[in-house]
Protein chains: 4
Amino acid sequence: MFIELDLQSETPIYAQLVDQIVEGIASGALQPGDPLPSVRSLGEDLGINLHTVNKSYNLLKQEGFLQVHRKKGVIVQPDGMPGVTDAFEEKLRRQLRSLAAEAAVRGMTEAAFTQMSTSLYRDTITNRGGEQR
Amino acid sequence: MFIELDLQSETPIYAQLVDQIVEGIASGALQPGDPLPSVRSLGEDLGINLHTVNKSYNLLKQEGFLQVHRKKGVIVQPDGMPGVTDAFEEKLRRQLRSLAAEAAVRGMTEAAFTQMSTSLYRDTITNRGGEQR
Amino acid sequence: MFIELDLQSETPIYAQLVDQIVEGIASGALQPGDPLPSVRSLGEDLGINLHTVNKSYNLLKQEGFLQVHRKKGVIVQPDGMPGVTDAFEEKLRRQLRSLAAEAAVRGMTEAAFTQMSTSLYRDTITNRGGEQR
Amino acid sequence: MFIELDLQSETPIYAQLVDQIVEGIASGALQPGDPLPSVRSLGEDLGINLHTVNKSYNLLKQEGFLQVHRKKGVIVQPDGMPGVTDAFEEKLRRQLRSLAAEAAVRGMTEAAFTQMSTSLYRDTITNRGGEQR
DNA sequence: GTGGTCTAGACCACA
DNA sequence: GTGGTCTAGACCACG
């Protein structure tokens, strides 16, 4: 597994898990249709409570990133990922604004900020072979 | 006052306040040396408890954005804002990575993501006379 | 518990608690990785409010002496204590200078002052097996 | 005047003033019998409230470091400084213990700590020509 | 059950 | 009147 959790972090474990799975999909490490470990086995692997894993899976299902199949178990959404919803754009705006403001106050230039955003975007999709829409 | 809080939001009130003050500094609405309202009056204005305001002020003091002056009360840091610390860069990286990943998965292009980052950065510093690029 | 508070003292309770915990770590009574009581139980034990305990814990967390672990609760920093930071050296200097000055004015000799410093340093690390000199 | 105040400091202004005057006496800059500025003029010089100066002077009078003469005004104690009282020794112990503990935890050696104490003691009495009891 | 957050009301030191 | 401290009681997210 490519998942790393920081138990000292302020961000809840379930949220870290959600993030890492999304990053896994973005990078191509997880392809549409790919199966995910069962709640129980992943919980064991990571040394965390299975309720926590469950919470992450449920959130990702609600968002449309995962599907829960009665037979195949939990798999990565095979029928196309959800697009840019209003809710997401709103969240993106809010967080970017906050980060940009602090960056500006700390003297980070626009160029540096933009550069960082771009390079982090690129990093996340490294393994996808550029089949970017 | 230019501060707007969403009391229903899941992000803590004190964190929203912190953000808004930082954005105020970034935009130039709050200049170095400017006094901030007392915890009591701001709390009253915003309809929140003074302890909540206090928590925000203290966080900003720790970060070096505010000073508690024995005569002037709470003021915006007059002696130069803190630079880009390791801690901030780390936070920036972590959050940008997470946002970029979800954006990519949802089909937002690199150009769109970069564009959004840049424009939000610009928005935050509109009132500052562009003495930062 | 080895903690004694003087509720009548002019030094805030939370500061006394901070001191005592640091002394506990120095003496070896608290080892890296050791769990601390929950804010509730310690508060009850000491007859103080849990928020006061919380404040102490948070200060110690900021300084890097404690960690808030999502599974183990609050524990003594297991990954190496913070070193001699500029801020600490500054504080040390300021306080020692003040104490030394008053001691000198009151006729305490350099030898007596030095002797007292040394012996108090030794006292604090008695139980640590001398792996620090 | 050799007095410097830090209005951003956590230590109250009156306490800083007390400290600096004691250090002045320790260093010999203020000799027994020397007059101190009036409450009013010192307050003006330092840009602080005269009540604050008053508080400092009163504390120092209580401790026996100053005398208030009806004619000469405020002067440095000419009839011998107060010795090492129980209260002072207690205060000294408490603060040194606290500092020593934190120093030890941060990895400062006994030698370094002792060295620092000694050198700060020496610094305070530099200008006194060694007429140390 | 844990820490985090928020509210509320009170006292005090400080300036 | 200001911030700092302490107490108290409540709700919530987390695991």
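Quick note on labels: first sequence line is chain A, next is B, and so on, each numbered from 1.
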- Find the distance Leu46(C):CG to dT5(F):P and express it as a whole number of Å. 18 Å
- Message: For Val74(C) and Thr11(D), find the nucleotide of DNA chain E closest to each by heavy atoms; which residue's nucleotide sits nearer the 5' end?
- Response: Val74(C)
- dC12(F) - base-pair partner by Watson-Crick or wobble geometry, distances under 3.5 Å: dG3(E)
- Message: If you define the side chain from C-beta out and look only at heavy atoms, does anything of Gln16(D) sit under 4.5 Å from Glu4(D)?
- Response: no
- Message: I want to check one thing: is the phosphate of dC14(E), taken as OP1 and OP2, less than 4.0 Å away from some side-chain N or O of Tyr14(D)?
- Response: yes
- So does Lys55(D) get a side-chain nitrogen or oxygen closer than 4.0 Å to the phosphate oxygens (OP1/OP2) of dA15(E)? no
- Message: Using a 6.0 Å cut-off, check whether atom NE2 of His69(C) has over 12 heavy atoms from anything other than its own residue.
- Response: yes
- Checking dT2(F), dT5(F), dT7(E) against the side chain of Asn54(B) (C-beta onward), the nearest is dT5(F)
- Closest nucleotide among dA15(E), dT7(F), dG3(E) to the Arg70(B) side chain: dA15(E)
- Item | Whole-Å gap separating C1' (dC6(F)) and CD (Glu10(C)) | 16 Å
- Task: Between Ala15(A) and Gly47(C), just flag the one whose closest nucleotide in DNA chain F comes earlier from the 5' side.
- Result: Gly47(C)
- Item | Asn49(C), nearest nucleotide to its side chain (from dG3(F), dG3(E), dA8(F)) | dA8(F)
- Is it the case that more than 12 heavy atoms not belonging to Gln8(D) sit under 6.0 Å from its CD atom? yes
- Using a 4.5 Å cut-off on heavy atoms from C-beta on, say whether the side chain of Arg93(A) contacts that of Phe88(A). no
- Within this structure, what is the CG-to-C1' distance between Leu7(B) and dC12(F), rounded to whole angstrom? 16 Å
- Nearest-angstrom distance from the residue atom CG of Asp6(C) to P of dT5(F): 17 Å
- If only side-chain N and O atoms of Thr52(B) are considered, is one of them under 4.0 Å from the OP1 or OP2 phosphate oxygen of dT5(E)? no
- Item | Residue Ile13(D), side-chain heavy atoms: nucleotide from dA15(E), dT2(F), dG3(E) that is nearest | dA15(E)
- Item | Nucleotide dG15(F), atom P - distance to CG of Leu17(A) in whole Å | 10 Å
- Tell whether Arg40(C) reaches the base of dG3(E) with its side chain through a donor-acceptor pair below 3.5 angstrom. yes
- Are Glu44(D) and Arg40(D) close enough for a salt bridge, meaning some N to O gap below 4.0 Å? no
- Output the single nucleotide from dG15(F), dC14(E), dT5(F) whose closest atom is nearest the side chain of Pro12(C). dT5(F)
- Message: Between the base of dG9(F) and the side chain of His51(C), is there a donor and acceptor pair under 3.5 angstrom?
- Response: yes
- Separation of Gln8(D) atom CD from dC14(E) atom P, in whole Å? 18 Å
- Message: Counting only heavy atoms from other residues, nucleotides and ligands, does the tally under 6.0 Å from CG of Asp79(B) exceed 12?
- Response: yes
- Query: In whole angstrom, what separates Ile75(C)'s CD1 from dT2(E)'s C1'?
  - Reply: 14 Å
- Query: With sugar-phosphate meaning primed atoms plus P, OP1 and OP2, does Lys72(B) contact a base, only sugar-phosphate, or nothing at under 4.0 Å between heavy atoms?
  - Reply: nothing
- Spacing between Leu50(D) atom CG and dC14(E) atom P, to the nearest angstrom: 17 Å
